[in-house]
Amino acid sequence: MENKTIATIPFQGFYNSLYSYAIDSEIENSIDYYYKEYELTEAQRDTLANGYLEKNISEFYYNVSKDYAEAFIYEIERDTGLSLNARFESMESPREYNFQTDRLFIELPEASAVAFINYILANHKEQLENLIEQRFTSRSGFISHYDNTLEAWGDPSEWDYNQLGTCFEIFEYLEDEIYDSYNIYESIHNGLADTLSDAADKMLDRCLEKREIREANERAQLKLAFA
């Protein structure tokens with residue numbers, strides 16, 4: 001069986017980021033849509049506003065993360081010309097967002113990981129050296145558990161997910177491109193409805209039923225008017 005390895009990939013997370021702003025914006029857009037289309041009362045509007053991100057939350061964030069990771073893998077393969085044979089592995093969220101944000105992990109064959117590192121060493125070595133120094137130099141409030149030079153890291157086949165992830169950080173610029181080109185916003189839009197609370201769901205169902213009855217009555221009256 002082919003040995004696999006894990007790596008982090010660049011990702012802003014879901015706190016004070018592109019994605020948190022997109023989620024908030026999509027919730028506001030949805031509220032405005034239902035408020036106008038279903039003629040909601042202010043109380044119903046509040047029920048809806050308080051109803052998002054109340055259930056299936058882990059599944060929602062997982063699906064958005066997976067869509068992003070798959071797009072990132074595709075884009076980085078296009079950029080490098082490599083076939084990484086990678087897949088989304090998991091998302092890890094901190095208990096508090098004081099010092100960390102959500103992290104995404106991908107899984108890929110060890111041979112693909114080594115080929116990717118060799119590509120970086122051949123094409124982006126100086127950039128990698130700078131990143132290693134920036135990310136792993138101890139300073140006030142931060143104690144690094146890694147050496148801060150490429151030379152000290154040794155054999156690339158023995159690098160862990162943070163070291164391999166540093167190579168992927170070179171392609172951090174892809175995140176904005178993915179957000180725009182792959183419309184992660186659509187992934188957010190499609191998933192938010194499933195996070196609605198039962199109370200908000202039932203309220204929308206009742207409002208939809210009333211609207212359908214009203215529209216049916218209006219069509220019937222028009223039909224009588226032209227009879």
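Residues: numbered from 1 along the sequence shown.
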Leu208 CG to Met203 CE distance, which is reported to the nearest 0.5 Å:
11.5 Å
Salt bridge (Lys or Arg N to Asp or Glu O under 4.0 Å) assessment of Arg206 paired with Asp201
CA-CA 9 Å; Arg206 290 194 298 269; Asp201 250 341; over 6 Å; no
Evaluate the ring-ring contact (aromatic ring centres under 6.0 Å, His included) criterion for residues Tyr68 and Phe88: first the C-alpha distance (whole Å), next the side-chain angles of each, then the deciding distance (0.1 Å), finally the verdict.
CA-CA 9 Å; Tyr68 168 78; Phe88 175 61; 9.4 Å; no
Which distance, rounded to the nearest 0.5 Å, do you find between the CD1 of Ile120 and the CD of Gln127?
8.0 Å
Spacing of OG belonging to Ser112 relative to OH belonging to Tyr119, to within rounding of 0.5 Å
15.0 Å
Are side-chain N/O atoms of Asp102 and Tyr61 paired as donor and acceptor at under 3.5 Å?
no
For Thr195 and Asn56, test the side chains for any donor-to-acceptor distance below 3.5 angstrom and give the result as yes or no.
no
Yes or no on side chain to side chain contact (heavy atoms under 4.5 Å, CB included) for Trp159 and Cys167, after CA distance, side-chain angles and deciding distance?
CA-CA 11 Å; Trp159 290 4; Cys167 293; 3.8 Å; yes
Test side chain to side chain contact (heavy atoms under 4.5 Å, CB included) applied to Glu129 and Asn148, step by step:
CA-CA 8 Å; Glu129 290 172 332; Asn148 67 347; over 6 Å; no
Classify the side-chain pair Tyr35/Glu42 by whether it contains a donor and acceptor separated by less than 3.5 Å.
yes
Can you tell me how far CG of Leu48 sits from CG of Leu196, rounded to the nearest 0.5 angstrom?
6.0 Å
Quick check for you: to the nearest 0.5 Å, what is the distance between Leu104 atom CG and Phe72 atom CZ?
10.0 Å
Closest non-hydrogen contact found for Ala115 with Leu82 is O-CD1, 4.2 Å
Centroid separation Phe136 to Trp153 less than 6.0 Å:
yes
Indicate whether the side chain of Ser83 and that of Asn85 have a donor and an acceptor atom separated by less than 3.5 Å.
no
Side chain to side chain contact (heavy atoms under 4.5 Å, CB included) assessment of Thr149 paired with Glu133:
CA-CA 6 Å; Thr149 66; Glu133 183 178 4; over 6 Å; no
Non-hydrogen atoms of Tyr52 and Ser30 that approach each other most closely
OH-CB, 3.1 Å
Evaluate the side-chain proximity of Tyr185 to Ser25: yes if any heavy-atom separation is below 4.5 Å, no if none is.
yes
Sole residue of Phe116, Phe11, Phe105 in ring pair (Phe, Tyr, Trp, His ring centres under 6.0 Å) with Phe168:
Phe116
Can you see which heavy atom on Ser138 is nearest to which on Ser144, and at what distance?
OG-N, 2.9 Å
Working to the nearest 0.5 angstrom, can you tell me the gap between Leu164 CG and Ser157 OG?
11.5 Å
Using the rule given for side chain to side chain contact (heavy atoms under 4.5 Å, CB included), can you reason through Thr166 versus Arg135, listing the C-alpha separation, both sets of side-chain angles and the distance that settles it, and then say yes or no?
CA-CA 8 Å; Thr166 303; Arg135 299 186 84 199; 2.7 Å; yes
Taking every non-hydrogen atom, the tightest pair across Thr101 and Gly13
OG1-CA, 3.4 Å
For Arg103 and Asn162, which I'm curious about, is there any donor-acceptor pair between the side chains at under 3.5 Å?
yes
Would you say the side chain of Leu192 lies within less than 4.5 Å of the side chain of Phe60, judging by non-hydrogen atoms?
yes
When every non-hydrogen atom of Gln12 is compared with those of Leu18, the smallest separation belongs to OE1-N, 3.0 Å
Please tell me whether Tyr19 and Asp24 have a donor and an acceptor in their side chains that are separated by less than 3.5 angstrom.
no
Taking the side chain as every heavy atom from C-beta outward, state whether Gln44 and Cys207 have any pair of such atoms under 4.5 Å apart.
yes
Counting only heavy atoms not in Lys4, do more than 12 fall under 6.0 Å of its NZ?
yes
Give every residue pair that meets the salt bridge (Lys or Arg N to Asp or Glu O under 4.0 Å) criterion with at least one member in residues 171-183, sequence neighbours excluded.
none
